[in-house]
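Here the structure comes first, spelled out in structure tokens, and everything after it is commentary.
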Amino acid sequence: MHSLRSHHCNQLTKADVGKRVTLMGWVHNRRDHGGVIFIDLRDREGLTQIVFNPEICGTSHTMAEHFRAEFVLHVEGEVSARPDYSINPNLPTGEIEVMVDTVKLLNNCNPLPFQLDEADSVSEELRLTYRYLDFRRPQMSSILQARHRVAFAVRQYLNSEGFLEVETPILTKSTPEGARDYLVPSRVNPGNFFALPQSPQIMKQLLMVGGIDKYFQICKCFRDEDLRADRQPEFTQIDMEMSYVTQEEVFRITEGVIRNAFKAGINHDLRLPFPRMTHKESMDLYGCDKPDLRFGLELFNATEILKDSNFKIFNTTLEQGGVIKGLMYPGGASFSRKDLDDLTSYVGNYGAKGLAWFKFVDGSVQSPIAKFFNEDSIAKLQSLSGAKNNDIVFMVCDTQNVVNQSLSALRNHLARIGKMIDDSVFSFLWIIDFPLFKYNDEEQRLESEHHPFTAPVVEDIDLLDSNPLAVRSSSYDLVLNGVEVGSGSIRIHNYALQKKIFELLSLDEYAINEQFGFFLDALKMGAPPHGGIAPGLDRILMLMLGLSSIRDVIAFPKTQKASCLLTKSPSAVSDRQLKELHLRITK
RNA sequence: GGGGGUGUAGUUCAAUCGGUUAGAGCACUGCCCUGUCACGGCAGAAGUUGCGAGUUCGAAUCUCGUCAUCCCCGCCA
């Protein structure tokens, strides 16, 4: 036996009675009866009750009188069957106990900043400050174990499909477009900076040019943007790229990855293939490109029906190119005036200047603005919305963006407060046929909807000059329960087309050469057609495990201000370090 | 950058309308207890009410500022 330890704390059963065993672990709980002392010994795997009886070993018993929570013990003794009346059915090892005759105190432990069994109610702030204590809790341990199983299953599956895992640099090049970069100053090259990768996008495309054919990497990505419950400045992607593929093949592989991940993570069998929806349909019906399909509440467009009214606010907005969309909420006629005020201020967060509502009750309509519409319009509205007795219809009239954003948010909000969501469902969805570009009003130029390496749909290439905003791209998003969990595309592999896209994005010649010259060169040297995708491992795990924060699936996450409570980073550095890096702090 | 929530003992919470010595559970310390498993019993220690101003006879409580943390908007190719 090479290991000092003979068993983990979840292993011993009645079949082991009589064996001499050695366990290592923490004092989880201690019950001192004056004579006999019981301790629940804990390791990563579970609990075992160990018994210190003065009649078995006086020395051990005397030592055990001074043991406290989270002391680290090495115990040896004989496995003994518990008397019938003291079997603990809540414990896998509840039928046995270990009668300790030899104990070594491997380490003692100060009183903890929080009790492990109360961590559910303790502040996350405290848990993050002492994250290593948090890990000792079975809940956290099982999350990290699930994360390991998922990552391992992903590697196994992609290996079986012929993928190579290749590491790409963390110190890489800052490029325009996209998120704000984390920068690393170069000591050797004064005034120059590396950037941490927002994703290994260009590198994986270069691997395709290099004939790697099928690449993957479970890799860290870095984006210096503000945080959310599902956004961390560093996060992990399952990054993939394949040569000579169609969208169909990317979907097949991705679905295989996801299915294996769910099997390994929580032993859940997902049904394949995942449903698909075009970007246009998603925007029309749900007002966003990541709809949660676990509930209905589809939007409808009421612009035609309501355009001829005496309601000035609607008319003015419509004249300026606005639209009217709405959604029907069953049973919503019971909302109080205060409820409706709250919902109005809720959509206000998304730019809506108001929230019109129509309650349908006992054959009549109740609404502060009903008087502006004729009966025919209201009848059509009721019919279009599908409202029955005691239902409510919400309407927003504004620019298309504001209407979609506010109603999409309202839709999710209503489903939450109405408890319309089945938490046990995993609703995957592919969104396809994204537009290639969107228009940035502020900078008055085209921007990539996905990223600048995304190939346009072949039939739409002719529109690049005449009507670029109508060009569809061959990009796709994977959505799970209303959360974007992956994004990818078939890439441009043609030099001239890539250069043209850069130009359409208003990157000047100098920037193109300076930032992307090496990449354009590669496209000139026999780049094969290729495409890929990058599912977000953290978000998938969060949803798989039914957690509400990405921080719960990351061992050492950052706070909302992007700092680490454990290490207190980021932190100031010495003048000497700054000098070496040729940096001066200005404040 | 903006909106909102939270901050009281190690910890989780309480403290009536602004009122006199800021309480309780768990943890901690000491003592008792040989079949517990949230063991039990007795006793004890433990507070810059996040921090700083202000209002008031009097502030955990009201006002302003500030810090930390959480949620959201902006931002996230």
Side-chain angles (χ1 to χ4, degrees), chain A residues 28-41 47-56 61 65-66 68-70 80 82-91 93-94 97 99 109-130 175-181 198-199 201-202 221-233 235 345-352 405-406 409 412-413 434 436-438 440 442 446-454 473 475 484 487 489 501-502 505 507 536 548-549 551 558-561 563 565 568:
Chain A
H28 186 67
N29 195 6
R30 174 175 170 280
R31 297 174 291 280
D32 184 347
H33 287 254
V36 68
I37 296 171
F38 301 98
I39 284 175
D40 295 328
L41 194 70
L47 295 175
T48 298
Q49 174 162 281
I50 58 177
V51 184
F52 295 85
N53 190 319
E55 289 163 14
I56 289 178
H61 178 265
E65 285 179 335
H66 300 100
R68 293 295 181 268
E70 300 304 308
S80 162
R82 296 203 200 180
D84 283 348
Y85 56 84
S86 72
I87 285 175
N88 185 342
N90 302 319
L91 225 52
T93 58
E97 58 198 358
M99 310 304 290
C109 179
N110 289 349
L112 300 185
F114 61 92
Q115 289 167 248
L116 301 189
D117 58 349
E118 287 183 351
D120 287 340
S121 53
V122 96
S123 73
E124 186 181 11
E125 200 175 342
L126 199 61
R127 286 172 48 209
L128 291 181
T129 305
Y130 301 94
T175 52
E177 304 268 312
R180 192 177 292 112
D181 285 321
Q198 298 176 27
S199 84
Q201 183 61 35
I202 290 180
C221 302
F222 305 86
R223 295 177 190 176
D224 188 5
E225 297 292 349
D226 286 339
L227 284 72
R228 289 285 190 283
D230 63 354
R231 264 164 41 187
Q232 281 276 304
F235 61 99
S345 76
Y346 185 79
V347 295
N349 291 332
Y350 301 86
Q405 280 171 31
S406 53
N412 287 328
H413 184 66
F434 277 80
L436 188 63
F437 299 114
K438 62 189 167 200
N440 184 326
E442 227 170 274
L446 292 175
E447 269 183 353
S448 292
E449 173 80 27
H450 181 50
H451 60 50
F453 315 108
T454 303
S473 80
S475 71
E484 184 205 308
S487 192
S489 62
I501 297 292
F502 283 150
L505 294 171
L507 300 183
S548 52
S549 164
R551 295 185 296 276
K558 307 276 189 291
T559 68
Q560 195 167 47
K561 276 191 72 186
S563 66
L565 292 173
K568 297 189 170 56

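These figures come from a predicted structure and were not determined experimentally. The figures that follow rest on heavy atoms only: side chains count, while hydrogens, waters and symmetry mates do not.
Scanning all heavy atoms of the two residues, the minimum distance from A/A69 to A/C109 falls at O-CB, 3.8 Å. Considering all non-hydrogen atoms of both residues, A/K558 and A/P233 come closest at CG-CG, 3.8 Å. Considering every non-hydrogen atom in both A/F114 and A/R127, the closest pair reads CE2-CA, 4.2 Å.
Of the candidate nucleotides B/rC28, B/rU36, B/rU11, B/rU11 has the atom lying nearest to any side-chain atom of A/L126. Distance from the side chain of A/D40 is smallest to B/rC37 among B/rC37, B/rA68, B/rG74. Minimum atom distance to the side chain of A/T559 is reached by B/rC70, of the listed B/rC75, B/rC70, B/rU36. Comparing B/rU69, B/rU11, B/rA38 by their closest approach to the side chain of A/L565 singles out B/rU69. Of the candidates B/rU11, B/rG74, B/rA38, B/rG74 carries the atom nearest the A/R231 side chain, counting heavy atoms from C-beta on. The side chain of A/E118 lies closest to B/rC26 when the candidates are B/rC26, B/rG35, B/rC71. Which of B/rG35, B/rC73, B/rG74 sits closest to the side chain of A/Y350 comes down to B/rC73.
Looking at heavy-atom distances under 4.0 Å, A/I37 makes no contact with the nucleic acid at all. Across all strands shown, A/S86 has heavy atoms under 4.0 Å from base atoms, whether or not it also approaches the sugar-phosphate. Using a 4.0 Å heavy-atom cutoff across all strands shown, A/Q115 reaches at least one base atom of the nucleic acid. Heavy atoms of A/R180 sit nowhere under 4.0 angstrom from any nucleic acid atom. Looking at heavy-atom distances under 4.0 Å, A/Y85 makes contact with sugar-phosphate atoms alone, never a base. Residue A/Q198 is classed as having no contact, given no heavy-atom separation below 4.0 Å to the nucleic acid. Note on A/N90: nothing from the nucleic acid sits closer than 4.0 angstrom, heavy atoms only. Counting any heavy atom pair closer than 4.0 Å across all strands shown, A/P113 reaches sugar-phosphate atoms only and no base atom.
Residue side chain A/R223 does not reach the base of B/rC76 through any donor-acceptor N/O pair under 3.5 Å, judged by distance alone. Donor-acceptor pairing under 3.5 Å, judged by distance alone, is absent between the side chain of A/R68 and the base of B/rU29. At a cut-off of 3.5 angstrom, counting only N and O atoms as typed in the model, there is a donor on one side and an acceptor on the other between the side-chain of A/N88 and the base of B/rC37. Between the side chain of A/E124 and the base of B/rU69, no donor-acceptor pair under 3.5 Å is found.
Taking side-chain N and O atoms only, A/S563 has a distance below 4.0 Å to OP1 or OP2 of B/rU69. Proximity of A/K561 to the phosphate of B/rU69: no side-chain N or O atom is located under 4.0 Å from OP1 or OP2. Residue A/Q405 places at least one side-chain N or O under 4.0 Å from the OP1 or OP2 atom of B/rG74. Between A/R31 and B/rC39, a side-chain N or O to OP1/OP2 separation shorter than 4.0 Å is present. Between A/R551 and the phosphate of B/rC71, there is a side-chain N or O to OP1/OP2 separation shorter than 4.0 Å. Distances shorter than 4.0 Å separate none of the side-chain N or O atoms of A/R30 from OP1 or OP2 on B/rU36. Dashed line: the shortest gap from a side-chain N or O of A/S123 to OP1 or OP2 of B/rU69 is not under 4.0 Å. At least one side-chain nitrogen or oxygen of A/R228 sits closer than 4.0 Å to the OP1 or OP2 atom of B/rC73. Dashed line: the shortest gap from a side-chain N or O of A/Q560 to OP1 or OP2 of B/rC71 is under 4.0 Å.
Once the 5.5 Å centre distance and the 30° plane angle are applied, the aromatic ring of A/F114 is found not to be stacked with the base of B/rU11. Aromatic stacking is not marked for A/H33 over B/rC33, as the cut-offs of 5.5 Å for the centres and 30° for the planes do not both hold.
With rounding to whole Å, A/N53 atom CG is found 13 Å from B/rU36 atom C1'. Residue A/Q49 contributes atom CD, which lies 14 Å from atom C1' of B/rA38 at whole-angstrom precision.
Nucleotide B/rC17 is shown with a syn base, its glycosidic torsion being within 90° of 0.
Side-chain contact between A/L565 and A/T559 is present, with at least one heavy-atom pair separated by less than 4.5 Å. The shortest side-chain heavy-atom distance between A/S448 and A/L436 does not fall under the 4.5 Å cut-off. No side-chain heavy atom of A/Q198 sits under 4.5 Å from any side-chain heavy atom of A/F222.
Side chains of A/R31 and A/Q49: a donor on one and an acceptor on the other come within 3.5 Å.
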